[in-house]
Amino acid sequence: MGWYKNAVFYEVYIRAFADGNGDGHGDFRGLTEKLDYFQELGVDCLWLLPMYPSPLRDDGYDVSDFYGIHPDYGTLEDFKAFLAAAHARGLRVIADLVLNHTSDQHPWFQAARADRHSPFRDYYVWSDTDQRYRQARIIFLDTETSNWAWDPVAGQYYWHRFYAFQPDLNFDNPAVQAEMLNVIAFWLDLGLDGFRVDAVPYLFEREGTNCENLPETHAYLKRIRRLVNERYPDRILLAEANQWPHDLRPYFGNGDDEFHMAFHFPLMPRIFMALRQADHQPIVRIMQAMPPIPEACQWCTFLRNHDELTLEMVTEEERQWMWREYAPEPRMRLNLGIRRRLAPLLDGDRRKIELAYALLFALPGSPILCYGDEIGMGDNIWLDDRDGLRTPMQWNDGLNAGFSSAPAEALYLPVIDDERFGYRRVNVAAQRADPGSLWHALRRLIAVRKAQPVFGGSCCEFIESDNPTILAVRRTDSGETILALHNLSGLPQRLSLDLSRWQGARPRDLFSQEALAQIGAMPYALTLQPYAYRWLRLEQTTDDWLEADGHPRRDL
Ligand code: BGC
């Protein structure tokens, strides 16, 4: 089984994490000093947001040099030292790969716009009119009015799916295809464990389509995978494709010719819906609508990340409902999403936050945590764009939350300092010292999940119960069966499950180690406290639900 199939990932915004040189910006030195932290938490793989030179108009997703490290973060040597230290601890590291576009400050774009005959002109997508590809939607709706921008120097329009300062690369140009393969090889040669590949649906444009998920795009992504298979086995490609289930599935190809992993965008908002509605249906329905994926592949599941909580993969009605429930103030909304962190979204309610993680960890896929959400950090909706979700990590209640020794006004963004979620109250040091904290609960969840390989498998059955507020999921793999029960409501719930197919087995609570009553022929009754969860491993006391080879009967 590939390492990524049952790994826990952790998203790091380097600028926000730890400032090693006291200039107010996080960097590789600071991050290297924090490696023990990840081990203590129990995560397996870090995902680094873009670390390349950039004018930083989109926090590094506007790359101006694919082969370097942003000076704020250190040098290439600092990066190498960080990677070696991470590997020495058994931690893997993947990084963002921004394929679709560059910064308008990239020398390729500067050369392209300056000279129609430059070999770089054709690195980008130019047009004399802004009327082509009209069916492509605009992603940054709050800022952009068109996917075309006029460039007075070039005397033409250029194509951009994101901000106007991020011109799209022209993947119809074989030179661009080759350039990006070189970029990939450069970082993998340095030992990087793979990439989170940014914005993959948009590589090609074709008239008469919405310019997403095109066959040409898949063909190029398969070229990338060939390179990885041939030269870098054991490294991974994780797709950022914010798409509906039927469009997502093709990114896994036949299991070994496109992506190893893809973010599970459709599931994420439905976890929030299920919690607010105290109803398992939103989760059950989307999971049942997801096509199966090849055995070697895996979903990457998440609750929040560095972007707004995207509401692209819900219906218009669901979006309006989510905005009403979770973004009552206009300032909380951004594009088609919600710019809030996990803890404020869930009312700072420790039980709901922990339950959201339990759901994430119980469902198929490898979970990824967003830095700061493990302690329930707050946000600042008054900062620009998505900056409110990217504030300094809250390490302790000291100067600058322990993030930096620089004067407060030199910090790249102010620390969160409100009464409820601010660093004086919410910080790593305090939670580490308190065995009852969210941080410790999450650490336990990670440990329990990792000790049960069954969670890395794909088998997932929702068990019917007479109570819609309960999400009961069965995970089975290699002779192991776990029932994970979650109470989505704020009231104690009685539930009664037909577990007769496991008659004779005895459930053991994976957290308390308590052995529960043996399962009999009658419905199995349990009570779950408000927002509580229980994960039960079925331990056999008789063999009658097992095949002769010790595996559970296939019809179960
Ligand atoms: C990233 C965003 C970024 C965009 C453009 C996204 O999918 O997650 O943060 O702004 O790509 O690169």
Side-chain angles (χ1 to χ4, degrees), residues 9-16 47-66 70 94-106 109 124-125 136-144 147 149 158-169 171 180 183 195-203 211-213 217 221 237-243 247-248 251 259 261-266 268-269 300 302-313 334-341 368-371 379 383-391 413:
F9 289 71
Y10 187 102
E11 170 180 2
V12 184
Y13 179 36
I14 307 165
R15 188 174 304 279
W47 154 33
L48 307 179
L49 296 197
M51 56 198 180
Y52 319 101
S54 158
L56 299 177
R57 295 183 67 193
D58 184 12
D59 277 334
Y61 285 94
D62 46 336
V63 178
S64 56
D65 171 7
F66 287 106
H70 194 287
I94 64 172
D96 245 295
L97 172 72
V98 189
L99 273 186
N100 180 66
H101 45 266
T102 68
S103 159
D104 59 3
Q105 300 307 305
H106 195 291
F109 189 74
Y124 296 89
V125 182
R137 69 194 163 111
I138 293 167
I139 296 169
F140 287 156
L141 275 169
D142 289 358
T143 324
E144 301 296 337
N147 287 322
Y158 62 88
W159 181 248
H160 61 90
R161 286 312 297 268
F162 295 92
Y163 286 119
F165 52 77
Q166 289 163 310
D168 273 37
L169 284 165
F171 276 88
M180 297 317 285
V183 169
F195 294 104
R196 176 260 193 195
V197 192
D198 185 59
V200 290
Y202 318 110
L203 302 187
C211 301
E212 299 186 16
N213 315 313
T217 292
L221 295 168
L237 298 169
L238 162 60
E240 192 225 6
N242 192 352
Q243 299 289 326
D247 289 321
L248 257 173
Y251 287 96
F259 282 92
M261 304 187 81
F263 286 117
H264 205 317
F265 278 100
M268 180 275 296
C300 192
F302 63 103
L303 295 169
R304 292 295 300 107
N305 62 22
H306 65 291
D307 288 327
E308 67 273 32
L309 188 166
T310 160
L311 297 174
E312 280 156 291
M313 292 308 118
L334 179 70
N335 300 315
L336 286 186
I338 300 174
R339 53 174 146 199
R340 298 183 76 192
R341 262 192 185 266
I368 183 157
L369 316 175
C370 178
Y371 89 92
D379 53 31
L383 297 177
D384 268 356
D385 199 350
R386 292 148 293 176
D387 284 354
L389 313 167
R390 302 178 184 181
T391 56
L413 283 177

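Counting starts at 1 for both ligands and their atoms, in listed order.
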Given L99, D198, N242, D385, which has its nearest heavy atom closest to atom 12 (O) of ligand 1?
D198
Whether [X] lies under 4.0 Å from ligand 1, heavy atom:
| X | result |
| --- | --- |
| R196 | yes |
| R161 | no |
| R390 | yes |
| F140 | yes |

Measure the distance from atom 9 (O) of ligand 1 to every protein heavy atom, then report the residue, atom name and distance (to 0.1 Å) of the closest one.
D307 OD1, 2.7 Å
Quick one: look up the protein heavy atom nearest atom 10 (O) of ligand 1 and list residue, atom name and how far away it is.
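Protein heavy atom with the smallest distance to atom 10 (O) of ligand 1: D58 OD2, 2.6 Å.
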Would you mind listing which atoms of ligand 1 come within a distance below 4.0 Å of any non-hydrogen atom of [X]?
| X | value |
| --- | --- |
| H101 | 5 (C), 12 (O) |
| H306 | 1 (C), 2 (C), 8 (O), 9 (O) |
| R386 | 2 (C), 3 (C), 9 (O), 10 (O) |
| E240 | 6 (C), 7 (O), 8 (O) |

State whether R386 and D379 are salt-bridged, where the test is any N-O pair (Lys NZ or Arg NE/NH1/NH2 against Asp/Glu carboxylate O) under 4.0 Å.
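Answer for the salt bridge query: no.
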For residues H106 and Y124, establish whether the separation of their ring centroids is below 6.0 Å.
no
Short side-chain donor-acceptor distance under 3.5 Å, [Y] and [X]:
| X | Y | result |
| --- | --- | --- |
| Y251 | N213 | yes |
| W159 | N147 | no |
| Y13 | D59 | yes |
| Y163 | D385 | yes |

Tell me whether R137 forms a cation-pi arrangement with Y202, defined as NZ or CZ under 6.0 Å from the six-membered ring centre and within 45 degrees of its axis.
no
Non-neighbouring partners of R339 that pass salt bridge (Lys or Arg N to Asp or Glu O under 4.0 Å), sequence neighbours left out:
none
